[in-house]
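Here's the structure we're looking at; comments come further down.
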Amino acid sequence: QGPCDIYAAGGTPCVAAHSTTRALYGSYTGPLYQVRRASDNTTRDIAPLSAGGVANAAAQDSFCAGTTCVITVIYDQSGRNNRLTQAPPGGFNGPAAGGYDNLANATAAPITVGGHKAYGVYVAPGTGYRNNNTNGIATGDQPEGMYAIFDGTHYNGGCCFDYGNAERNSHDNGNGTMEAIYFGNIKVWGYGTGNGPWIMADLENGLFSGVNPGYNANDPSISHRFLTAIVKGGPNHWAIRGGNAQSGGVSTFYDGVRPNASGYNPMKKEGAIILGIGGDNSVGARGTFYEGVMTSGYPSDATENAVQANITAAGYATSSAGTGLTPGSAVSLRATTACCTDRYIHHSGSTVDTAVITSSSSATEKGNASWTVRTGLGNSSCVSFESRNTAGQYLRHQNYQLHLQADDGSALFAQDATFCPEAGRNGQGASLRSLNYSDRYVRHYNNIVYIAADGGPNTFDSTNAYNDDVSWLVSSPWG
Ligand code: AHR
């Protein structure tokens with residue numbers, strides 16, 4: 001059984017079913033997604049390993065060996081051909097040719113599902129997928145439901161990392177012309193408790209965390225590494241639900257009437273489908289998508305609870321083996337940029353830099369370039385780096401520069417000292433995304449170490465050699 005078998009049994013069948021990681025029907029054997037490789041621009045469909053199973057990531061790996069691949073199509077498993085492809089320009093242009101959005105790098109979000117390797121859809125700002133010509137998706141005030149699994153540690157405050165129902169012309173057609181799941185920490189429209197990120201509903205010209213525009217106290221900050229996010233809506237009724245996609249159930253964060261704002265009752269849904277962007281093709285947001293569906297009809301909580309049980313049983317997990325950054329282990333982190341492949345992240349007192357370390361370096365210098373990987377102080381799905389020779393002191397950023405400082409127990413320190421490993425941006429080793437500035441990665445620049453955004457406002461944000469500068473080879477520790 002897959003999630004869509006459960007929705008069908010509940011009388012609210014899937015009318016779109018998207019996943020790059022697994023089949024969403026127990027009997028599905030068709031293609032999950034398509035990749036295109038840079039070397040010769042040819043494409044390859046990736047199917048499940050078996051009926052209802054996990055994606056055949058090995059087929060992608062062999063097709064993309066020695067080159068790079070992007071995800072060109074996310075197929076619709078529901079049989080309605082509501083596939084997602086490169087989003088076209090709309091109210092805003094994307095960065096690719098003709099104003100289209102970028103396609104996702106096919107290897108940027110590696111994970112495992114039930115012990116099998118799989119890849120998610122990594123949405124960096126500028127990336128977006130869409131289908132403006134769908135079949136069977138709710139329009140007007142018709143009821144629908146949707147869920148998606150995201151990486152709860154990968155988000156930002158840009159507009160708008162969405163999955164769901166949007167306008168068919170890629171323009172803002174007014175309040176009520178969208179109904180999509182939003183995930184991130186933008187506070188321009190709605191927000192909930194804490195600093196975010198929040199699951200909200202993008203209903204157009206508004207992200208809603210509950211009945212009120214702005215603040216609603218029942219929508220919590222939620223950042224499970226694998227996050228189940230649910231939005232559903234029917235005539236003058238909608239709900240937000242969410243939970244941990246690895247264990248437990250889903251909780252209800254809102255369930256009630258349409259918002260206290262004009263234009264959202266009745267709804268004017270148009271039935272296009274978006275992923276990673278706003279309804280008007282706003283492309284400022286980031287996030288990671290693993291699977292999601294849209295239904296015909298308003299699913300019951302019981303149906304969704306059964307879907308959540310299916311999701312937790314599927315066994316989503318991080319592949320820390322892939323990066324070598326397992327809590328408890330000790331490592332050294334070597335630069336991969338051609339200039340600097342003899343340099344390691346290193347400290348002298350509280351100053352953090354890169355330094356050349358060799359077998360003849362002093363024991364102190366070797367220790368200064370060695371780190372114990374700790375469970376992330378600010379998020380247990382990510383990691384922190386404790387100095388091997390100065391116990392209790394961690395790498396943390398301050399004004400975007402890394403320093404070695406003692407943990408003062410504050411929430412800010414915990415956030416500043418937490419980094420979420422991803423596959424190395426240049427294909428080597430690991431890249432370390434800042435937990436609280438998630439468009440920034442640990443980068444060396446003139447041998448100093450920063451958290452840097454590709455093309456951001458500071459000198460150290462330079463696009464030159466960015467992917468190399470943020471990719472670190474994880475090796476056994478010098479000291
Ligand atoms: O509702 C929030 C955003 O506002 C929508 O996603 C976008 O279409 C508009 O800019």
Side-chain angles (χ1 to χ4, degrees), residues 16 84 86-95 99-102 121 123-132 134 137-141 144 146 148 150 155-192 196-216 219 229-233 238-240 253-254 258-287 289 292 294:
L84 296 170
Q86 188 170 18
F92 294 92
N93 280 347
Y100 276 71
D101 296 353
N102 289 335
V121 183
V123 172
T127 309
Y129 293 83
R130 192 168 193 123
N131 186 328
N132 281 343
T134 59
I137 304 295
T139 57
D141 210 24
E144 66 178 344
M146 59 196 82
F150 300 135
Y155 57 90
N156 72 359
C159 176
C160 289
F161 182 73
D162 287 352
Y163 172 74
N165 196 323
E167 299 90 339
R168 286 177 183 259
N169 62 358
S170 304
H171 283 266
D172 179 345
N173 293 334
N175 297 2
T177 54
M178 293 177 64
E179 185 167 70
I181 307 168
Y182 165 82
F183 179 67
N185 66 346
I186 194 169
K187 287 183 81 169
V188 172
W189 294 285
Y191 55 99
W198 303 282
I199 304 168
M200 298 192 272
D202 191 342
L203 305 180
E204 188 51 275
N205 299 314
L207 305 176
F208 289 91
S209 56
V211 76
N212 301 310
Y215 179 65
N216 289 283
D219 201 27
I230 295 173
V231 165
K232 53 185 168 179
W238 66 288
I240 305 173
F253 303 142
Y254 179 73
R258 290 290 178 182
N260 290 322
S262 65
Y264 300 101
N265 182 30
M267 292 289 285
K268 308 167 195 77
K269 298 174 221 182
E270 296 193 15
I273 307 173
I274 53 174
L275 171 59
I277 49 179
D280 56 6
N281 197 45
S282 296
V283 288
R286 58 166 60 246
F289 172 93
M294 300 172 70

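Order of appearance sets the numbers: ligands from 1, and atoms from 1 within every ligand. Every value quoted in this text rests on a predicted model; they were computed, and no experiment measured them.
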Is there any salt bridge (charged side-chain N to carboxylate O under 4.0 Å, His left out) pair reaching into residues 175-188, and which pairs are they, with sequence neighbours excluded? Glu179-Arg258, Glu179-Lys269

For ligand 1, which atoms, with element, lie under 4.0 Å from some heavy atom of [X]?
{"X": "Cys159", "result": "3 (C)"}
{"X": "Gly206", "result": "1 (O), 2 (C)"}
{"X": "Gly279", "result": "5 (C), 6 (O), 7 (C), 8 (O)"}
{"X": "Gly278", "result": "6 (O)"}
{"X": "Asn205", "result": "1 (O), 2 (C), 4 (O)"}
{"X": "Ser282", "result": "10 (O)"}
{"X": "Trp189", "result": "2 (C), 3 (C), 4 (O)"}

Looking at ligand 1, would Met178 count as a contact under a 4.0 Å heavy-atom criterion? yes

Does Tyr182 come within less than 4.0 angstrom of ligand 1, counting non-hydrogen atoms of the residue? no

Quick check on side-chain hydrogen bond (donor to acceptor under 3.5 Å, both in side chains): which of Thr134, Asn169, Asn173 does Glu270 satisfy it with? Asn173

Quick one: does ligand 1 sit under 4.0 Å from the side chain of Ala180, the backbone, both or neither, non-hydrogen atoms only? neither

Without swapping roles, check the side chain of [X] against the backbone of [Y] for a donor-acceptor pair under 3.5 Å.
{"X": "Asn165", "Y": "Gly271", "answer": "yes"}
{"X": "Arg286", "Y": "Gly126", "answer": "no"}
{"X": "Asn93", "Y": "Pro89", "answer": "no"}
{"X": "Asp202", "Y": "Ala180", "answer": "no"}

Quick one: nearest non-hydrogen protein atom to atom 1 (O) of ligand 1, plus distance? Asp202 OD1, 2.6 Å

Taking atom 5 (C) of ligand 1 as the reference point, the nearest protein heavy atom with its distance: Glu204 OE1, 3.3 Å

Any N/O pair [X]/ligand 1 closer than 3.5 Å:
{"X": "Glu167", "answer": "no"}
{"X": "Leu203", "answer": "no"}
{"X": "Phe92", "answer": "no"}
{"X": "Asp280", "answer": "yes"}

For residues Ile277 and Thr127, report the shortest heavy-atom separation together with the two atoms involved. CG2-O, 3.6 Å

What class does the angle between the rings of Trp238 and Phe208 fall in, given that below 30° is parallel, 30 to 60° is tilted and above 60° is perpendicular? perpendicular

Give me the ring orientation class for Phe150 and Phe289: parallel if the planes are under 30° apart, tilted from 30 to 60°, perpendicular past 60°. tilted

The single option from Glu167, Met267, His171, Arg168 passing side-chain contact (heavy atoms from CB on, under 4.5 Å) against Thr177: Glu167

